[in-house]
Amino acid sequence: MSDTKKEFVALRLDEVIHEWEANAPAGGSGSEGPLVTAQRHRAEIDNASDDRVDEIAEAYPDIAQAWSARGA
């Protein structure tokens with residue numbers, strides 16, 4: 001896999017995280033919600049194997065669909 005998919009998924013995760021952070025309630029519970037999971041995936045992606053990048057992308061249907069729509 002080229003770094004292109006890794007970069008694409010990372011950028012999309014950044015967008016998802018930014019949106020979820022903006023909409024998170026003040027004084028969040030700190031529980032293991034989708035925002036925390038997305039943040040962990042983002043931290044992992046730079047050193048992830050090709051298979052792991054695919055797994056992470058598939059966890060976010062919008063990201064997987066956007067990648068497929070690129071024809072890559």
Side-chain angles (χ1 to χ4, degrees):
M1 169 186 311
S2 69
D3 283 337
T4 305
K5 183 171 186 180
K6 196 177 278 194
E7 292 168 358
F8 180 86
V9 174
L11 178 63
R12 290 298 183 121
L13 274 174
D14 287 341
E15 293 170 357
V16 166
I17 291 166
H18 178 72
E19 180 180 334
W20 288 351
E21 285 175 337
N23 294 322
S29 65
S31 63
E32 190 72 24
L35 175 58
V36 173
T37 302
Q39 290 168 327
R40 286 188 179 165
H41 284 155
R42 179 58 187 94
E44 178 183 355
I45 203 157
D46 291 333
N47 296 313
S49 68
D50 294 350
D51 289 338
R52 184 63 181 141
V53 171
D54 289 339
E55 290 173 6
I56 291 170
E58 291 300 322
Y60 304 87
D62 291 344
I63 293 174
Q65 183 178 13
W67 177 255
S68 294
R70 293 186 65 207

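In this text the structure is predicted, and so the values were computed from the model without any measurement. All values below were derived from every heavy atom in this structure, side-chain atoms included, with hydrogens, water molecules and symmetry-related copies excluded.
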Checklist outcome for this item: Rounded to the nearest 0.5 angstrom, the NZ-OG distance for K6 and S49 is 7.5 Å
Item to check | Minimum heavy-atom distance between W20 and P34, given as atom pair plus value | outcome: CZ3-O, 3.3 Å
Checklist entry - If you look at every heavy atom in I63 and V9, which pair is closest and at what distance? => result CG2-CG2, 4.2 Å
Item to check | Nearest heavy-atom neighbours spanning I45 and A10 | outcome: CG2-CB, 3.9 Å
Checklist entry - Is there a side-chain contact between I56 and L13, using heavy atoms and a 4.5 Å cut-off? => result yes
Item to check | Salt bridge flag under 4.0 Å for residues K5 and D54 | outcome: yes
Item to check | Gap separating the CD atom of E44 from the CD atom of Q39, nearest 0.5 angstrom | outcome: 14.0 Å
Checklist entry - Y60 vs H41 aromatic rings, parallel, tilted or perpendicular, using cut-offs 30° and 60°? => result perpendicular
Next on the checklist: Tell me every residue that passes side chain to side chain contact (heavy atoms under 4.5 Å, CB included) with E15, counting only those two or more places apart in sequence or in another chain.
Outcome noted: L11, R12
Item to check | N23, CG: over 12 other non-hydrogen atoms inside 6.0 angstrom | outcome: yes
Checklist outcome for this item: The reported gap from CG in D14 to CD in E19 (rounded to nearest 0.5 angstrom) is 13.0 Å
Item to check | Sub-4.5 Å side-chain heavy-atom contact between W67 and T4 | outcome: yes
